[in-house]
K.L.:
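This is the structure I have questions about; it appears just below.
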Amino acid sequence: MRLENKVAIVTGGAGGIGQGIVKKFLDEGAKVLVVDVIPQADGDTLIAELATGRGAAYLQKDISVEANAAAIIAKALEHFGKLDVLVNNAHASKQAPIMDTTQEMWDLSFGTGMYATYNLMRAAHPELKKTQGSIVNFASGAGIKGLPNQVTYAAAKEAIRAISRVAAHEWAADGIRVNLVSPVALTPGIQQWAAAYPAEYQKVVDGVPLGRLGDPKDDIAPVVAFLASDDARYLTGQTLMTDGGSTMSA
Ligand SMILES: NC(=O)c1ccc[n+]([C@@H]2O[C@H](COP(=O)([O-])OP(=O)(O)OC[C@H]3O[C@@H](n4cnc5c(N)ncnc54)[C@H](O)[C@@H]3O)[C@@H](O)[C@H]2O)c1
């Protein structure tokens with residue numbers, strides 16, 4: 001098991017790709033603090049189903065609130081005594097053409113995406129330094145390609161890539177690796193977007209050379225687990241395009 005004895009935090013772990021990561025991490029032997037906005041009782045029920053006696057706990061926290069970053073790290077330490085891996089997966093946003101985009105949309109995307117990632121990275125740093133741990137952040141083809149109607153999301157995602165590269169440089173000497181996954185996967189988030197922008201969704205589907213959208217647990221989570229594991233000990237500052245070949249860099 002690749003993540004045996006590792007303790008991880010997964011934001012947005014109650015749904016979509018995050019839940020796939022939680023399942024995979026548990027299968028790989030990690031202990032996981034799942035952070036999401038669903039009510040505490042629902043999260044506890046989910047953990048009871050997913051973890052079946054393995055090491056996992058749920059914490060209801062809105063990651064866009066700055067003060068919550070410290071509380072999230074403290075809860076992981078309280079439950080599991082250390083922190084090896086931070087997965088900044090959660091990100092909420094609303095799509096609109098640039099001319100219809102509001103300040104509220106900017107605040108939502110940067111609050112849950114860029115600032116939440118940044119605040120959690122900073123709060124986790126002292127603990128990750130102790131364990132020589134790693135961070136996995138989330139990018140998107142929407143940012144890399146500049147997809148229409150995604151201005152606040154695309155900008156936040158590219159900002160996350162920028163701060164990840166800076167942290168990969170600054171924290172390499174502390175033994176902390178920082179990488180990103182840019183996924184394509186069938187999730188509630190994607191389904192919501194597909195309903196609003198069916199033509200753009202079809203373009204994304206048609207643009208996947210491997211011919212299908214990824215599965216959160218079986219296609220995306222293994223790549224996150226690899227980056228979090230010691231197998232990736234010589235990788236930092238990288239974005240792994242886990243998108244069925246939609247974006248090729250070879
Ligand atoms: N699904 C894709 O194809 C795709 C493509 C590119 C990038 N991504 C990125 O992958 C990650 C996961 O995407 P997904 O499709 O699973 O998303 P999703 O919307 O399906 O799930 C996101 C999860 O985050 C939680 N969440 C939302 N706001 C939160 C907050 N303020 N605090 C805590 N938790 C919060 C939600 O409750 C949900 O469980 C995101 O960073 C997303 O931008 C996904």
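Atoms within a ligand are numbered from 1 in the order they appear, just like the ligands themselves. All values derive from a computational prediction rather than experimental measurement.
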K.L.:
Give me the nearest non-hydrogen protein atom to atom 9 (C) of ligand 1 as residue plus atom name, then the distance to 0.1 Å.
P.N.:
Tyr153 OH, 3.8 Å

K.L.:
Once you measure the plane-to-plane angle for Tyr201 and Trp193, does it fall in the parallel (<30°), tilted (30-60°) or perpendicular (>60°) bin?
P.N.:
perpendicular

K.L.:
To check your reading of the model: name the closest protein heavy atom to atom 28 (N) of ligand 1, its residue, and the distance in Å.
P.N.:
Ala92 CB, 4.0 Å

K.L.:
To which protein heavy atom is atom 19 (O) of ligand 1 closest, and what is the distance rounded to 0.1 Å?
P.N.:
Gly189 CA, 3.5 Å

K.L.:
Of the side chain and backbone of Ala139, name the one, both, or neither that has a heavy atom under 4.0 Å from an atom of ligand 1.
P.N.:
backbone

K.L.:
Inspect the contact between Asp84 and Lys82 and indicate whether a charged nitrogen and a carboxylate oxygen are less than 4.0 angstrom apart.
P.N.:
yes

K.L.:
Is Gln19 touching ligand 1 with its side chain, its backbone, both, or neither, if touching means heavy atoms under 4.0 Å apart?
P.N.:
neither

K.L.:
Heavy atom under 4.0 Å from ligand 1: found in Ile63's side chain, backbone, both, or neither?
P.N.:
both

K.L.:
Restricting to non-hydrogen atoms, name the atom on Asp44 and the atom on Tyr58 that form the minimum distance, rounded to 0.1 Å.
P.N.:
OD1-CB, 3.9 Å

K.L.:
Among all protein heavy atoms, pick the one closest to atom 33 (C) of ligand 1 and tell me residue, atom and distance.
P.N.:
Lys61 O, 3.4 Å

K.L.:
Does ligand 1 have any atom sitting under 4.0 Å from a heavy atom of Gln191?
P.N.:
no

K.L.:
Give a yes/no on ligand 1: does Thr11 have at least one heavy atom closer than 4.0 angstrom to it?
P.N.:
no

K.L.:
Using a strict cut-off of less than 4.0 Å between a Lys/Arg side-chain nitrogen and an Asp/Glu carboxylate oxygen, indicate whether Lys6 and Asp230 qualify as a salt bridge.
P.N.:
yes

K.L.:
Quick one: nearest non-hydrogen protein atom to atom 2 (C) of ligand 1, plus distance?
P.N.:
Ile190 CG1, 3.3 Å

